[in-house]
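Here's the structure, in structure tokens; my notes come after.
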Amino acid sequence: MLDMKYIRENLDEVEQRLRTRGGESYLDEFKRLDLARRTLLLESEQLKARKNVVSDEIGKVKDKSLVQDKILEMREVSNEIKAVDERLKQEDEELQNLLLTVPNVPHPATPVGRSENDNVLVRTWGEPQELPFAAKPHWDLGEDLGILDFECGAKITGARFTLYRGAGARLERALINLMLDLHTDTHGYMEVLPPFMVNRDSMQGTGQLPKFEDDLFKMVDPEYFLIPTAEVPVTNIHRGEILKKSDLPISYCAYTPCFRREAGSYGKDTRGLIRQHQFNKVEMVKFVHPSESDAALETLTGHAEKVLQMLDLPYRVMALCSGDIGFSAAKTYDIEVWLPGQSCYREISSCSTFGDFQARRASIRFREDEKGKPEFVHTLNGSGLAVGRTLVAILENYQQEDGSVLVPPALRPYMGGLERISR
RNA sequence: GGAGAGAUGGCCGAGUAGGUCGAAGGCGCUCGCCUGCUAAGCGAGUAUACUGGGAAACCGGUAUCGAGGGUUCGAAUCCCUCUCUCUCCGCCA
């Protein structure tokens, strides 16, 4: 959520920067609602001030029969207040709803552009290798090796659900452990294991609600939502809190499954593990001092890259343009891993800084000085990494001509020493 | 699922026959004093949001005692609904 005061005082600039995201104008309504609300607020408060003063006088008089006229008058004032407050409440709700649907202002360093075609290549790592034989996509490899069973997943639940078997299940688990160990032991994150379902307040805090309810799996009674990413429960750990400056930066990492409706993506990536309704992810989340957030995004991205380097998987880092960054993000790097089975780069991690956008929604603050006013922290997060897609990358990059798949050396300790997955 | 207890400021904790309570007291913290160090002591200050005025320091107003509604001239205090926490019983990985 953006700062109301900031919008009011910088309307043109905010509008202009939001427009670089493409799409509609966001702030036409704002001026009108803001003015209406403040006018009513003033009216209401003046009435209340009068009521308070007179009620105080009444309280001091023992014989109430002497102040009957005042009591009657205040009864009128009280009714007036009710009426004004009713209108105020409506305007206020409208304004809040508007603000909750306005996306974050892009970071000055975010390249301006309309679509993913305008994203900017930042760097590449490793050599995308063309295999000396006909490379298979992972869905063929997985089925041939008997480690991925898409049909069975569809039978148990439905489309876009997958059953992992044997070495496939073990490989997924090994990747989770490798990633968590790296981030906790080497990168200094605290591991947390959060709830996989959250309430509406948490979803609103990180920005999934109210605008993207259709993308979520929702429980009716009680009303809980399956998390689409660990970002939601982990960022909300500190919702409504005032942190100590000395607590910052706070770094958490978490493994969770993620659940996404993938509404509107019918027909996209229908084969294989790329786009599932349920997938595993290790997420990194940081709460930092505002002056640190730019640097923190770079190190966070580096932490995600490190996983791919350990697994010796070629990748590139893209700076997303203004038209492609997410609703809550100010700046985002996508890490894309090379998939020889499909001869393309695919997103495997997304690392973003949100500035104070989420912190304002979720009210996560700190004090610069012991006596100072609370200020909003900056939040960041990034996948480190999407586990299913990492498994895909391993299958496709480490496949051999005979259809077997070598286990990357860094992963072997986690696989009971297994060096090769074969039929 | 059944029975009961509770939710007050950074923390602890008073306050429920409605008005003098934004809220006693303590702890913590900040500033000052004092003590040649430390401890102790003394004094002052110490919530948040919105909002009016002001260049600012600052000075006003309103709201907030889990959340929402109601009664009343007036509610932390009375009534209703909800949420959460704790204890006991049942059930359970």
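Order of the sequence lines sets the chain letters (A, B, ...), proteins ahead of strands, with each chain counted from 1.
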Please give the distance between the C1' atoms of C34(B) and A40(B) as a whole number of Å.
11 Å

Tell me which pairs pass side chain to side chain donor-acceptor pair (under 3.5 Å) where either residue lies in residues 300-311 of chain A, with sequence neighbours left out.
R123(A)-E305(A), Y189(A)-H303(A), E305(A)-Y315(A), Q309(A)-Y315(A)

Please compare K89(A) and S44(A) by the position of their nearest nucleotide in RNA chain B and report the one closer to 5'.
S44(A)

Taking NZ, NE, NH1 and NH2 as the nitrogens, is one of them in R38(A) or D34(A) under 4.0 Å from a carboxylate oxygen of the other?
yes

In this structure, how many angstroms lie between the P atom of G53(B) and the CG atom of L41(A), rounded?
13 Å

side-chain N/O R38(A) vs G52(B) OP1/OP2, d < 4.0 Å
yes

Would you mind telling me which of U51(B), C73(B), A49(B) lies closest to the side-chain atoms of M74(A)?
C73(B)

Using the C1' atom in both, what is the distance from G22(B) to U77(B), to the nearest Å?
15 Å

Under a 4.5 Å cut-off applied to non-hydrogen side-chain atoms, are M415(A) and L171(A) in contact?
yes

Rounding to an integer number of angstrom, what distance separates A76(B) and A24(B) when you compare their P atoms?
14 Å

Which is true for K48(A) with a 4.0 Å heavy-atom rule: it touches a base, it touches only sugar-phosphate, or it touches nothing?
sugar-phosphate

Atom CD of Q46(A) and atom C1' of G52(B): how far apart are they, to the nearest Å?
9 Å

For R360(A) and C50(B), give me the distance from atom CZ to atom P, rounded to whole Å.
9 Å

Whole-Å distance between C73(B) P and Q68(A) CD?
9 Å

Can you check whether N52(A) has a side-chain N or O nearer than 4.0 Å to OP1 or OP2 of C73(B)?
no

Between S78(A) and E45(A), which residue's closest nucleotide on RNA chain B lies nearer the 5′ terminus?
E45(A)

Determine the Euclidean distance between corresponding P atoms of G66(B) and C59(B); express it in Å to zero decimal places.
29 Å

Would you call K218(A) and E213(A) a salt bridge, using N to O less than 4.0 angstrom?
yes

RNA chain B in dot-bracket, Watson-Crick or G-U pairs under 3.5 Å, [ ] crossing, | other strand?
((((((((.[[[..)...(.....]]]((((((.......))))))(((((((....))))))).[[[[[..)....]]]]])))))))....

Could you tell me if the ring centre of F259(A) sits under 6.0 Å from that of H277(A)?
no

Looking at every strand, decide which applies to R8(A) at a 4.0 Å heavy-atom threshold: base, sugar-phosphate, or nothing.
sugar-phosphate

What's R37(A) touching, base or sugar-phosphate or nothing? Going by heavy atoms closer than 4.0 Å.
sugar-phosphate

Span that lies between the C1' atom of C65(B) and that of G10(B), in whole angstrom:
16 Å

Judged by modelled atom types alone, do S322(A) and R21(A) share a side-chain donor-acceptor pair under 3.5 Å?
no

With a cut-off of less than 4.0 Å, is there a side-chain N or O of K64(A) near OP1 or OP2 of U72(B)?
no

Selection from U51(B), C73(B), A49(B) that lies nearest to any side-chain heavy atom of L42(A)
U51(B)

Separation of the P atoms in C42(B) and C78(B), to the nearest angstrom:
38 Å

Ignoring backbone atoms, test whether R200(A) places a side-chain nitrogen or oxygen under 4.0 Å from the OP1 or OP2 oxygen of U83(B).
no

Rounded to whole angstrom units, what separation is found between the NZ atom of K51(A) and the P atom of G19(B)?
16 Å

Closest of U71(B), G52(B), C73(B) to the K82(A) side chain is U71(B)

Do Y252(A) and H238(A) make the cut of ring centroids closer than 6.0 angstrom?
yes

Quick one: do E262(A) and R275(A) make a salt bridge, cutoff under 4.0 Å?
yes

Nearest-angstrom distance from the residue atom CG of L95(A) to P of C50(B)
12 Å

Length of the CD-P vector between E223(A) and A67(B), whole Å
20 Å

Between P on G9(B) and CD1 on I242(A), what's the gap in Å once rounded to a whole number?
12 Å

Given the C1' atoms of C29(B) and G9(B), what is the spacing between them in whole Å?
14 Å

Classify the nucleic acid contact of K5(A) as base, sugar-phosphate or nothing, counting any heavy atom under 4.0 Å across all strands shown.
sugar-phosphate

Rounded distance in Å between the P positions of G90(B) and U71(B):
45 Å

Would you say the ring centers of F357(A) and F327(A) fall short of 6.0 Å from each other?
yes

